[in-house]
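Ligands are counted one by one from 1 in listed order, and the atoms in each one are counted from 1 as well. Start at 1 with the first residue, then count along the sequence.
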Amino acid sequence: MSLPTTLNLLELTSACIKLAQESGDIIREVFKSGSLGIEMKSVDDPMTKADLLSQQHIIGSLRTIWKDLNIVGEEQCEIPVIDKRPPIDLLLNDKDCIEKCPEEFKELPIEDLIIFIDPLDATREFTLGRVGCVMTLIGISFRGKPIAGIIYQPFVDCNGDATTDQSQWVGRTIWAIVGVPVKGIKDKRSKDDIGKVLLVTTASHFNDRVQQAVDAIKPDKLLRAGGAGYKSLMVIENQADVYVFPTVGSKLWDICGPHAILLAVGGKLTDPKGNDIIYSTNPEKIENKNGIIITISNHQKYIDLLNN
Ligand SMILES: O=P(O)(O)O[C@H]1[C@H](O)[C@@H](O)[C@H](OP(=O)(O)O)[C@@H](O)[C@H]1O
Ligand SMILES: [Mg+2]
Ligand SMILES: [Mg+2]
Ligand SMILES: [Mg+2]
């Protein structure tokens with residue numbers, strides 16, 4: 001039987017939404033068990049049992065339907081054979097998808113797609129018990145550009161706010177297809193910060209280049225947070241105006257999912273010189289070597305500040 005050569009983005013996104021939510025169950029279970037199975041991939045780069053099981057679940061399940069899809073996952077691991085197929089019909093009755101999803105997205109050549117999976121973003125914080133910024137990230141790119149993204153936050157309450165009360169960990173899913181209105185995004189800007197410039201950057205990898213970027217932008221407030229995905233979501237939800245990390249550190253799997261959601265709400269993600277990030281399976285291109293800058297508006301203003 002010959003394999004299909006095209007796929008419907010609504011079906012692939014449906015499967016990824018469900019798999020991200022199921023990965024959240026896996027991640028919560030590992031955390032609650034107390035035995036994280038921490039391995040160090042290199043200095044300051046941990047991987048846990050939760051990262052592995054989450055990635056195996058997502059990729060193994062996608063393979064039950066799309067056997068030859070290009071998938072780039074953060075972790076190097078065997079992918080088990082899984083027999084349960086994820087649902088592909090969750091969006092078929094979604095009014096906005098029916099009315100706004102670009103027709104070409106319903107029959108995409110599989111060979112031009114790459115799925116980027118960060119099965120657990122903010123692993124370092126996860127190992128330290130600071131789980132509010134932990135999230136599963138799935139990005140779908142087409143011919144080098146993000147077209148759909150899914151974020152699942154396992155350790156948040158029904159408002160999407162971090163909580164240490166484990167009974168409140170109902171989790172939150174944010175997903176987007178570029179061109180379709182995004183549901184569930186909140187405006188989290190506090191009243192005291194209206195009209196101010198808030199810059200968010202790394203909590204654990206501050207360096208001279210980051211300091212130079214802060215000095216160039218001169219924010220009213222400097223926020224520090226773990227999780228590339230979490231900081232991207234802070235910009236998407238107006239908790240920060242700009243997220244900048246001007247040196248190597250993040251990878252394509254950290255940004256592809258958030259990038260698609262950002263595009264869907266009118267934001268921008270480039271390198272600090274304003275160059276587009278191209279999504280590729282080339283191992284040489286996986287690291288964002290020049291860094292990233294993420295904004296919801298006024299992107300060029302920040303590019304000019306960083307480069308003048
Ligand atoms: O999925 P992990 O490995 O937790 O992803 C990392 C990013 O690769 C890394 O860039 C982020 O560094 P900063 O905290 O300095 O922004 C880290 O938080 C995780 O997102
Ligand atoms: Mg990551
Ligand atoms: Mg990760
Ligand atoms: Mg990692």
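Polar contact with ligand 1: present for Leu120 (N/O pair, distance under 3.5 Å). Considering both main-chain and side-chain atoms, Ala225 never comes within under 3.5 Å of ligand 1 through any nitrogen or oxygen pair. Note: an N/O pair closer than 3.5 Å links Gly227 and ligand 1 by distance alone.
When hydrogens are left out, the protein atom nearest atom 4 (O) of ligand 1 is Ala122 N, 2.7 Å; that is the closest non-hydrogen contact.
Using modelled atom types, no side-chain atom of Asp304 and backbone atom of Lys301 make a donor-acceptor pair closer than 3.5 Å. In terms of modelled atom types and a separation under 3.5 Å, the side chain of Lys100 and the main chain of Ile98 share no donor-acceptor contact. The main-chain N or O of Ser204 is found under 3.5 Å from a side-chain atom of Thr202 such that the two form a donor-acceptor pair. Put simply, the side chain of Lys145 never gets that close to the backbone of Phe142: no donor and acceptor are under 3.5 Å apart. Although no hydrogens or angles enter the test, the distance criterion places no donor-acceptor pair under 3.5 Å between the side chain of Thr163 and the main chain of Val156. Looking at Asn238, its side chain never comes within 3.5 Å of a backbone N or O of Arg189 through a donor-acceptor pair. Between the side chain of Glu125 and the backbone N or O of Gly226 there is no donor-acceptor pair closer than 3.5 Å. At least one donor-acceptor pair closer than 3.5 Å links the side chain of Ser232 to the backbone N or O of Ala228.
Among Met135, Lys231, Glu75, the residue whose heavy atom lies nearest to atom 14 (O) of ligand 1 is Lys231. The residue from Asp254, Thr202, Ile255, Val134 that puts a heavy atom closest to atom 13 (P) of ligand 1 is Thr202. Taking only non-hydrogen atoms, the option from Arg124, Glu74, His205, Glu125 nearest to atom 3 (O) of ligand 1 is Glu74.
Taking a cut-off of under 4.0 Å to the non-hydrogen atoms of Asp118, the atoms of ligand 1 that pass are 1 (O). Every atom of ligand 1 with a heavy atom of Ser204 under 4.0 Å away is listed here by number and element: 14 (O). Proximity to Gly249 (heavy-atom distance under 4.0 Å) selects the following atoms of ligand 1: 8 (O), 10 (O). Each of the following atoms of ligand 1 lies closer than 4.0 Å to a heavy atom of Ser250: 10 (O).
When the side-chain hydrogen bond (donor to acceptor under 3.5 Å, both in side chains) test is applied to Thr123, the partners found at least two apart in sequence or on another chain are Asp51.
In this structure, CG on Asp276 lies 7.0 Å from NE2 on His259, to the nearest 0.5 angstrom.
Under 4.0 angstrom from ligand 1, the non-hydrogen atoms of Asp121 come from both its backbone and its side chain. With a 4.0 Å heavy-atom cut-off, ligand 1 is reached by the backbone of Thr123 and by its side chain too. Contacts of Ala228 with ligand 1, taken as heavy-atom pairs under 4.0 Å, involve both backbone and side chain. Of the heavy atoms in Cys133, none comes closer than 4.0 Å to ligand 1.
Closest non-hydrogen pair, Pro258 versus Gly229, comes out as CG-CA, 4.3 Å.
Listing protein N, O or S atoms at distances below 2.8 Å from the Mg ion (ligand 4), with waters left out, gives Glu74 OE2.
Ile303 and Phe245 end up in the same hydrophobic cluster when Ile, Leu, Val, Met, Phe, Trp and Tyr side chains are linked at under 4.5 Å.
Under 4.0 Å is where a charged nitrogen must lie from a carboxylate oxygen, and between Lys188 and Asp161 at least one such pair does.
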